[in-house]
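Every chain is numbered from 1 and lettered A, B, ... according to where its sequence line falls, protein lines coming before strand lines. Predicted model, so just to flag it, every value in this text is computed and none were measured.
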There are 2 protein chains.
Amino acid sequence: MNIGHAAKATGLSSKMIRHYEVIGLLKNATRTDAGYRQYHDNDLHVLRFIKRARSLGFPLEQIKVLLSLWQDRKRASKDVKALAQKHILELEAKIRELSEMRDVLEGLSQDCAGDQRPDCPILSKLADPLHPHCSLDPAQNGQHVRHQK
Amino acid sequence: MNIGHAAKATGLSSKMIRHYEVIGLLKNATRTDAGYRQYHDNDLHVLRFIKRARSLGFPLEQIKVLLSLWQDRKRASKDVKALAQKHILELEAKIRELSEMRDVLEGLSQDCAGDQRPDCPILSKLADPLHPHCSLDPAQNGQHVRHQK
DNA sequence: TTCCACCTTCCCATGGTGGCAACGTCAAGC
DNA sequence: GCTTGACGTTGCCACCATGGGAAGGTGGAA
């Protein structure tokens, strides 16, 4: 089975599979005489394992650990669970961070008329959260324009 | 005011300020004879605007637009609000994505005894979500080990 | 034989930031 | 004046996971 076939069978891209091999997540695939990577059904299990772990947000480095635990018949489920819990905490931290952004922005957005007038509390708060009534750039000198050297 | 001072006054790093100039988010700073960038109080307002927009998760490209709206006295608040709403949708999409990851992982984690035994539904589900009782790598051939060329 | 789909390696880009190297500048203390 | 140390400059590389594309080789079918 060529790499493209393995890719379709697992939902990964050929690019990803090669990359995983390069970074040591997969053992080096056997090659045909022409240098084509060859995959077998057993390999698909590993690829799908990676695919699912990625879909849960695990970074490749942690997946490397998960794979080694998977293969270790003498592993303690405690170790796997600890890894999962750690990742859950990271996910929750990110969720809280994004939620706070959303809440603040939602608050600003609700105060904005959203009409043709220029007055906008969103810009005002970004400009100066303490004096949200002034929404004009005090510089007014083209700060966002890139000048040539 | 040198760049380090402007950085401390705004909570950005000198690196970021230089980077924002390079990508055209800031106009080219005036320089001393020695080539040092010089900043004035007006510049701090712009830098703080960027800092706050970043803290709401806006990417630099969108901040470029926000800055141009900020300076445009004839802007319609509708345009600003539309940008904010779009970003809110992106934040919510990301939050949903991460939340689903967390929920799935939380479910798996709760089924895991977390003791010294090797049986682990987390690994089993990653290995094969349809037959979660088999948690051993069917390959068992060192897939995660990087072999030298 | 020709053609097309597929494979290979290698390099570059993303986004936003940090780190480091190599070098120039400024001000204070001696 | 000289040294020292803090600060400035540019430039390159790294992160993370992935995609894109170039340039060239392979395989199989018509």
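In this structure, Q38(A) and R31(A) have side chains that are not in contact, with every pair of non-hydrogen atoms separated by 4.5 Å or more.
The nearest whole Å value for the distance from the CD1 atom in I3(B) to the P atom in dC7(D) is 13 Å. Going from atom CG of L12(B) over to atom P of dG18(C) covers 10 Å, rounded to whole Å. At whole-Å resolution of the value, CG in N2(B) and C1' in dA6(D) are 11 Å apart. Between M16(A) atom CE and dC7(C) atom P there is a gap of 15 Å when expressed in whole angstrom units. In this structure, H5(B) places its NE2 atom 18 Å from P of dA6(D), rounding to the nearest Å. When the P atom of dT25(C) is taken as reference, atom CD of Q38(B) falls 15 Å away, rounded to whole Å. To the nearest angstrom, C1' of dG19(D) lies 15 Å from CD1 of I17(A). Regarding E21(B), its CD atom lies at a distance of 12 Å from the P atom of dG11(D), rounded to whole Å.
For N2(A) (side chain) and G4(A) (main-chain N/O), no donor-acceptor pair under 3.5 Å exists by modelled atom type. With hydrogens and angles ignored, the 3.5 Å screen pairs no side-chain donor or acceptor of D111(B) with any backbone N or O of L108(B).
For S77(A), the side-chain hydrogen bond (donor to acceptor under 3.5 Å, both in side chains) partners two or more places apart in sequence, or in a different chain, are D115(B). In this structure R37(B) satisfies the side-chain hydrogen bond (donor to acceptor under 3.5 Å, both in side chains) test together with E21(B), sequence neighbours excluded. Applying the ring-ring contact (aromatic ring centres under 6.0 Å, His included) criterion to Y36(A), with sequence neighbours excluded, gives no partner residue. Scanning for side-chain hydrogen bond (donor to acceptor under 3.5 Å, both in side chains) contacts around T10(A) gives an empty result, with sequence neighbours left out. Residues satisfying the salt bridge (charged side-chain N to carboxylate O under 4.0 Å, His left out) test with E90(B), not counting sequence neighbours, are K86(B). The side-chain hydrogen bond (donor to acceptor under 3.5 Å, both in side chains) test applied to Q85(A) returns S109(B), not counting sequence neighbours.
Residue pairs satisfying the salt bridge (Lys or Arg N to Asp or Glu O under 4.0 Å) criterion with at least one member in residues 45-61 of chain A, sequence neighbours excluded, are listed as follows: E61(A)-K64(A).
Phosphate contact (OP1/OP2 of dC7(D), side-chain N/O of S14(B), threshold under 4.0 Å): absent. Not one side-chain nitrogen or oxygen of Y20(A) sits closer than 4.0 Å to the OP1 or OP2 atom of dA17(D).
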Table please: side-chain donor-acceptor pairs of residues 94-102 of chain A below 3.5 Å, with sequence neighbours left out.
unit_1: S99(A); atom_1: OG; unit_2: I95(A); atom_2: O; d: 2.7

Please list each protein N or O that sits under 3.5 Å from an N or O in nucleotides 24-28 of chain D, with the distance.
unit_1: dG25(D); atom_1: N2; unit_2: Y36(A); atom_2: OH; d: 2.7
unit_1: dT26(D); atom_1: O4'; unit_2: Y36(A); atom_2: OH; d: 2.9
unit_1: dT26(D); atom_1: O2; unit_2: Y36(A); atom_2: OH; d: 3.4

Filtered N/O pairs between nucleotides 9-13 of chain C and protein, under 3.5 Å:
unit_1: dT9(C); atom_1: OP1; unit_2: R31(A); atom_2: NH1; d: 3.4
unit_1: dT9(C); atom_1: OP1; unit_2: R31(A); atom_2: NH2; d: 3.0
unit_1: dT9(C); atom_1: OP2; unit_2: R37(A); atom_2: NH1; d: 3.1
unit_1: dT9(C); atom_1: OP2; unit_2: R37(A); atom_2: NH2; d: 3.0

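Sorted by residue number, the members of residues 49-61 of chain A with any non-hydrogen atom under 4.0 Å from DNA chain D read R54(A), P59(A), L60(A). Contacts of residues 94-104 of chain B with DNA chain D (heavy atom under 4.0 Å): none.
Taking the six-membered ring for Trp and the full ring otherwise, the centers of Y39(B) and H5(B) sit at least 6.0 Å from each other.
Transitive grouping of hydrophobic side chains (ILVMFWY, heavy atoms separated by less than 4.5 Å) brings I23(A) and L66(A) into a common cluster. Linking ILVMFWY residues whenever their side-chain heavy atoms come closer than 4.5 Å, directly or via other members, leaves L89(A) and L105(B) in distinct clusters.
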